[in-house]
2 protein chains.
Amino acid sequence: MIKKFTFNSQNILNELPSCDREFLENIMVDKKYRKNQPIFTESTLPSGIFYMQSGKVKKYKMDNDGREQIIYIYNAGEFFGYSSVLSESSYGDTTVAIENSVISFITIKDFNEILKASSSFSRLLLKSLSHEFSVLANLMAVLSQRTVRERVALNLLILHNKYKVDNKPNTYIMLSRSDLANMAGTVVETLARVLHDFKHDKLISTDGRKIELLKIERLIQVANFY
Amino acid sequence: MIKKFTFNSQNILNELPSCDREFLENIMVDKKYRKNQPIFTESTLPSGIFYMQSGKVKKYKMDNDGREQIIYIYNAGEFFGYSSVLSESSYGDTTVAIENSVISFITIKDFNEILKASSSFSRLLLKSLSHEFSVLANLMAVLSQRTVRERVALNLLILHNKYKVDNKPNTYIMLSRSDLANMAGTVVETLARVLHDFKHDKLISTDGRKIELLKIERLIQVANFY
DNA sequence: TCTAAAATTTGATTTAAATCAAGTTTTATC
DNA sequence: GATAAAACTTGATTTAAATCAAATTTTAGA
């Protein structure tokens, strides 16, 4: 089951033939973003695509009442922002760094060039997008049909894998309560209550914003999702 | 706004260079599916990909309690089922014909071949998947944060565009109440009440399973979504 | 066309989660 | 390290939507 949420995106570029990888590395320009800085905004137009070198970025949609629904969290090794370039339309969502991050930029021109030249690259993008899609589909099924308790449990499991660093034992999630609520599609008060219950049941432990999952198997049961 | 839901998928193959199109047309094998017949099922393995010639197919996920969440409805001119082939994994969702449909099949071998050979084809797939993704993202934001009334309104708008046939004036949606409820992430009883309200407000008219949208602009307002 | 089964609608009641409100803790800045 | 602001938690109340129940309509098969 956990398989669904794991996607070792680290070194994704290694899946490419070396010539394509070198071309990409040459045309990418790095930029630093501090926590809470936006990368692009809903309904503006793209001028290129992005690749996460390090850090984390949230992608969300805002509704008319200002509530945000987080759609995906990008981790090191993932491309993003290419959908609007492909459809030649404006951005349908907003992305904001939730940690200090280093993000590479590729211009539309260069992107189109490599897309045309390298079937490996387009396959890589298709694979990534398929992955994002399946995460979103799973999430949607849970968000629209299940209780807040189940929704929070599922999001904790997804985040656990995002925050997991290979070869390091102590994984903890570090995210504001409001981001967590916006992922689970609930409000902060309800989220606080659910986390309280999970702590009481010894499924998680918290220390400020740090959340550690103590009993993953039990959380999977709570999420009612395999 | 409506732009978001429209995607003239008719003749999508015409976007391809003629050589690619001809190759595809040669390797595709047509098959008829009657209403309610499944095309593939969650957690089985793919042996190829599909292209809708005519009809409609729902894609959904089932949870442990048997509730289904409809993720997308495929119309004529759309490819589907390729994500699992790309990620070399089992299907993450189930697809069932909701109308009598004609669906073409392309084997994994042929699919990989054209994917490698034609950058236009992979670009086409990326574009389609991006579109599906944005529809899903919009939907998720609405499903997880908004009232049932808003959710139903949005889904009616999406369906309206799915059922619209170019050059024909009288568009009506034709779908079971339970499919509609499963799209909006609610139960049939609640759905019936919302449709009743919409009828009372003269936003829609119904005749058995046929639903006609009378005031699209007002429905967009109700959906609270632009 | 008739009939049984399935689907849909309507009503009454319960329940999960949002909202409102107030207090407490954590974070960031001087 | 003190202080203000922001973030978070807990409690009380309201509300939207699910559930339970039953009647009515539609659909499909003989």
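All values below come from the heavy atoms of this structure, side chains included, with hydrogens, waters and symmetry mates left out. Below, read A as the first sequence line, B as the second, and so on, with proteins coming before strands; counting in each chain starts at 1. None of these values were measured; they are calculated from a predicted model.
For the pair A/Thr44 and A/Thr41, the tightest heavy-atom approach, listed with the atom from each and the gap, is OG1-O, 2.6 Å. The minimum heavy-atom distance between B/Ser84 and B/Pro46, with the atom names listed, is CB-CG, 3.9 Å.
B/Tyr172 OH: 12 or fewer foreign heavy atoms inside a 6.0 Å radius.
Nearer to the 5' terminus of DNA chain C, by closest-nucleotide assignment, is the contact made by B/Thr206 (compared with the other of B/Thr206 and A/Arg149).
For the atom pair CG of B/Leu86 and CG of B/Leu125, the computed distance is 7.5 Å after rounding to the nearest 0.5 Å. If you take CG on B/Leu154 and CG on B/Leu159, they are separated by 9.5 Å, rounding to the nearest 0.5 Å. Between the CZ atom of A/Phe79 and the CZ atom of A/Phe111 there is a distance of 8.5 Å, given to the nearest 0.5 Å.
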Worksheet item: Does the side chain to side chain donor-acceptor pair (under 3.5 Å) test come out yes or no for A/Asn100 and A/Lys32, once each step is laid out?
Response: CA-CA 7 Å; A/Asn100 293 336; A/Lys32 283 181 189 167; over 6 Å; no
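Applying a 4.0 Å cut-off to non-hydrogen atoms, the residues of residues 190-202 of chain A that approach DNA chain D are A/Ala192, A/Arg193, A/His196, listed by residue number.
The side-chain contact (heavy atoms from CB on, under 4.5 Å) test with A/Tyr74 singles out one residue from A/Lys162, A/Lys56, A/Glu132, and that residue is A/Glu132. When the options A/Asp93, A/Thr94, A/Leu45 are evaluated for a side-chain contact (heavy atoms from CB on, under 4.5 Å) with A/Phe40, the one that passes is A/Asp93.
Within the structure, side-chain hydrogen bond (donor to acceptor under 3.5 Å, both in side chains) pairs that include any residue of residues 204-215 of chain B comprise B/Lys199-B/Thr206 (at least two apart or interchain). Residue pairs meeting the salt bridge (charged side-chain N to carboxylate O under 4.0 Å, His left out) criterion with at least one partner in residues 144-153 of chain B, sequence neighbours excluded, are A/Asp63-B/Arg146, A/Asp65-B/Arg146, B/Arg146-B/Glu150, B/Arg149-B/Asp201.
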Response to the item:
Per-nucleotide protein contact along nucleotides 21-30 of chain D, 5' to 3', at a 4.0 Å heavy-atom cut-off (B base, S sugar-phosphate only, - neither), is ----------
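A/Val187 comes within 4.0 angstrom of a base, heavy atoms only.
A/Gln69 places a side-chain N or O within 3.5 Å of a backbone atom of A/Asn182 that can act as its donor or acceptor partner.
Using a 4.0 Å cutoff to heavy atoms of chain A, the contacted part of DNA chain C runs 5' to 3' from C/dA17 to C/dC20.
The ring of A/Phe105 has its center closer than 6.0 angstrom to the ring center of A/Phe50.
Each end of the helix from C/dT1-D/dA30 to C/dC30-D/dG1 yields a helix axis from five base pairs, and these two axes differ in direction by 60° (to the nearest 10 degrees).
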